[in-house]
Amino acid sequence: MTREPEISISDYPNVKERINLLGLQMPSSIALLPRNFDTADSKDDLLHEGEAPTVRVLFRKAQIVETPIELPGEVIPKIAEHDFHDWIAPILLYSYSALTQNSALLNISLGVISNYLTDLFKGLSSNRGVRLDIVVEKKNGSYKKVHYEGPLEGLATVEDVVYRVIQDE
Amino acid sequence: MNRRVIKFLETIFNPTIEECEKYCFIVRGIEYQRDAVLRLDELKGQIAKIKSAMVQELDEDAANCCLSLEMGASALQHELSLWIAIKEDRMDDAWDELVSAESTTDAAVRAHKISDHMVRYYYRLQAIEKLLFPKIIFTSPGYTYQFSRCTICGSEYGSCDHLKGLAYMGEFCTQELLEVSIRELSIVDEPANRHARITSMTIDGVMRDHLTWRVVSVDPHEHVSNLEN
């Protein structure tokens, strides 16, 4: 049975305010956000998705510059959960300027993740899906989260949704 | 593709696999199946030698091809062991052999395109699973970890260029977790590790093995106490 992709859009707390509150490093354009970035009471409670290091490798190899929000020398623990059939990406944060100054950036980001997962899912895990959240800064400075859940082939559709979201009033 | 690997494929690997595949049916004589398991052990030994040579020659494609062949031979071994285990009434082992057959088939396909055809074999294993086993209730632990190590180069995973699940010079990259804390244990439908499952359950005061339905204990507390001892 073919799985249908699901995309949803929701409000997201002001990232800059949360960064200041939690005592983290302000990202310049792109960052990976911990799973509970929007709700954690303190920096010590933060948890990255287990695949955060993998995405860091993918972005680095593609020369996508990502700024860690953790201060130098600090480590945010990662979650290793194996009760999801889907591959769960860390939350990807993009500033408005990053997306508008480099129109290929999101396409390349999603592309390198897709290429890796194509190799990882080769053949047998083809019924595995992807869960991916992208937090974007809108033109008016507010933030939205675009959630994708579904087959790998549907991931490319997220790009259009993100660009519509950042331009919406 | 490396000529030595091609020659090995044509003259030794393919004929051996073809011969052993003949015994991958429950009705085949157990003695033939045991013998086929041993033949596949020998085959894997031969593959390991060639892989080592390919690594020495820095031929990554050939080394990954050998890894794929190793996994393919292992998958067949696990299926043969599944049938043997069923005939010997070792049903827990039978389940584990099936899961291992599925995961090594997956690994074979991931390692190199030489095993692309094994997708069909995976569907066969899935059919075997549906026919032979009841619905399995899986468990899945959740952990947090501080650091992890790349098994290819030993660096902090994420600091090197290796990606877990992919093959490098005949070995899969995996992420070894360090400084681990357990968060939870969940009951799930589709875990990553299908070896972890509920093995027995209490129904009407009687604890039964989930696969065989045999009574494990009429006093569940006795069973737990025995496990602790």
Side-chain angles (χ1 to χ4, degrees), chain A residues 1 3 32 34-36 40 44-64 66 68 70 72-90 112-129 131 152, chain B residues 102-113 115-123 125-126 138-150 155-167 173 175 177-194 196:
Chain A
M1 188 183 296
R3 181 179 172 182
L32 305 187
R35 172 191 283 200
N36 55 347
D44 294 335
D45 296 333
L46 292 173
L47 287 171
H48 262 312
E49 293 296 346
E51 300 293 356
T54 298
V55 171
R56 286 200 156 125
V57 176
L58 291 169
F59 280 7
R60 188 175 63 242
K61 288 175 73 162
Q63 297 178 312
I64 297 171
E66 170 249 336
E70 47 268 50
E74 284 184 343
V75 174
I76 295 178
K78 274 75 79 180
I79 298 168
E81 285 173 338
H82 301 292
D83 52 346
F84 289 113
H85 198 52
D86 291 345
W87 188 88
I88 302 177
V112 296
I113 292 174
S114 280
N115 289 343
Y116 167 65
L117 293 181
T118 298
D119 287 337
L120 195 66
F121 290 1
K122 208 167 143 193
L124 308 178
S125 302
S126 54
N127 59 344
R128 286 188 74 184
R131 295 185 195 201
L152 179 57
Chain B
E102 289 170 343
S103 62
T104 44
T105 303
D106 175 81
V109 174
R110 262 188 297 121
H112 193 276
K113 61 182 186 291
S115 294
D116 280 355
H117 64 285
M118 288 193 76
V119 175
R120 292 194 299 275
Y121 180 64
Y122 185 76
Y123 294 145
L125 294 172
Q126 286 194 311
F138 297 104
T139 59
S140 179
Y143 310 99
T144 56
Y145 66 94
Q146 295 281 349
F147 304 101
S148 58
R149 184 183 298 140
C150 168
S155 313
E156 166 76 20
Y157 179 77
S159 67
C160 58
D161 281 353
H162 300 118
L163 291 161
K164 65 180 180 184
L166 303 188
C173 174
Q175 183 187 13
L177 306 184
L178 304 169
E179 295 188 35
V180 175
S181 302
I182 292 186
R183 269 164 58 94
E184 58 176 2
L185 184 69
S186 309
I187 304 288
V188 297
D189 285 332
E190 294 193 55
N193 177 6
R194 303 175 82 237

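So that the names make sense, note that chain A is the first sequence line, chain B the second, and so on, each numbered from 1.
B/Gln175 touches chain A through its side chain: at least one heavy atom from C-beta onward sits under 4.5 Å away, while N, CA, C and O do not. With a 4.5 Å cut-off on non-hydrogen atoms, A/Leu47 touches chain B through its side chain but not through its backbone. With a threshold of 4.5 angstrom between heavy atoms, B/Phe147 approaches chain A through side-chain atoms but not through N, CA, C or O. Residue B/Ser148: no heavy atom, backbone or side chain, is found under 4.5 Å from chain A.
Under the 4.0 Å criterion applied to side-chain N and carboxylate O atoms, A/Glu51 and B/Lys164 are assigned as salt-bridge partners. A salt bridge is absent between B/Asp161 and A/Lys61; no separation between the charged side-chain nitrogens and carboxylate oxygens falls under 4.0 Å. Checked for salt-bridge contact, B/Glu156 and A/Arg56 miss the test: no charged N lies under 4.0 Å from a carboxylate O.
Taken to the nearest 0.5 Å, the OH atom of B/Tyr143 stands 10.5 Å off from the CD atom of B/Glu184.
Side-chain atoms of B/Arg183 never come within 3.5 Å of backbone atoms of B/Pro141 as a donor-acceptor pair (strictly under, hydrogens ignored).
When B/Gly165, B/Ala196, B/Gly158 are compared by the number of non-hydrogen pairs under 4.5 Å with chain A, B/Gly158 comes out ahead.
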